Amino acid sequence: MTLLIDGKKISAAVVEQLAIDTKAFIAEFGVTPGLAVVLVGDDPASQVYVRNKVKQATAAGFHSTEHRLPADTGQAELNALVEQLNNDPSVHGILVQLPLPEQLNEPEIIRLIAAEKDVDGFHPLNVGALASGIAELIPCTPMGCMIMLEKTLGDLSGKHAVVVGRSNIVGKPMAALLLQANCTVTVVHSRSADIEAICRQADILVAAVGRPEMIRGSWIKPGATVIDVGINAVEKDGKRRLVGDVAFSEASEVAGAISPVPGGVGPMTIACLMKNTLTAARQQISA
Ligand code: NAP
């Protein structure tokens, strides 16, 4: 029987613990952790993500603010808002929803967010800390994947982990975390040769490609643990559905454990954003 790695259930436990930790934090320091979420433009998917993040932050007991700017916002205006949030002591975490409209310079904004408030973990200082194994603020999606893997497998030492995708948001930080957990890590990408054969060697397979159901059942080693990060909207039988990067029904027949889409990595990402916000508040209070 293949085990379903239930992101909804695991994330609910993370959020429950977080609410307890937040209460204790507020009681100890008399400070409520604050999260500011910035959304530029009206991309429908981003609007849903931002709404969920603000809702979850409030549920965790945080002070949360939402800053919406029009799609034609200029760099100077966005920079000014980030500077204002950097200087606001009631804000411990800043999240600028990506992608930004194309007139805006994403790397500039990521660098401008104060590293200690960078709850996405994308600032170069936090990326460097992750590569050195000393990071406190870790990108949320890979952190969520690690919690799912450790919950499913316990100690990951010695396992061969294959990460498909090398983005700054998912693939690269995922590989760093797996390495830190003593896995033997292989990263494959669009220029890799014979991806199928490499995937078939994986004890742990993490798919973060953005290609609907690219990874077939035949690519999976029997008994492997599969984490599907992909979220792809497709039309099936005239209806819009979300599918992952893994062909779920085929893969479920081979894998030992697999995360579904939806209901897998998605809810973990938001739960980890909340974890990072509390971590950021704790660091800033004790700085
Ligand atoms: P991305 O920035 O587009 O990166 C995709 C990666 O996949 C790139 O490294 C690319 O290689 C590689 N790739 C593309 N086609 C490939 C192929 N045919 N064979 C092998 N590798 C290939 O995407 P991302 O931001 O990492 O996101 C990946 C997926 O995860 C998307 O579906 C996204 O929606 C989803 N996602 C989900 C969550 C969540 O909370 N669940 C969070 C973030 C992202 P190159 O580098 O060579 O171009």
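Please read all numbers here as calculations on a predicted model, not as lab measurements. Just follow the structure's listing: the first ligand is 1, and inside any ligand the first atom is 1.
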Asp228: partners by side chain to side chain donor-acceptor pair (under 3.5 Å), with sequence neighbours left out: none
Gln284 side chain to Glu116 backbone, donor-acceptor under 3.5 Å: yes
Greater than 12 external heavy atoms within 6.0 Å of Glu16's CD: no
Exercise: do Gln17 and Asp21 side chains pair donor with acceptor under 3.5 Å: yes
Ring pair (Phe, Tyr, Trp, His ring centres under 6.0 Å): pairs with one or both residues in residues 29-70, sequence neighbours excluded: Phe25-Phe29
Salt bridge (Lys or Arg N to Asp or Glu O under 4.0 Å) against Glu253, all qualifying residues, sequence neighbours excluded: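 Partners of Glu253 under the salt bridge (Lys or Arg N to Asp or Glu O under 4.0 Å) test: none.
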For ligand 1, the residues whose heavy atoms come within less than 4.0 Å (ordered by chain, then number): Thr141, Gly165, Arg166, Ser167, Val170, His189, Ser190, Ile195, Ala208, Val209, Gly210, Arg211, Met214, Val229, Gly230, Ile231, Asn232, Val265, Gly266, Thr269
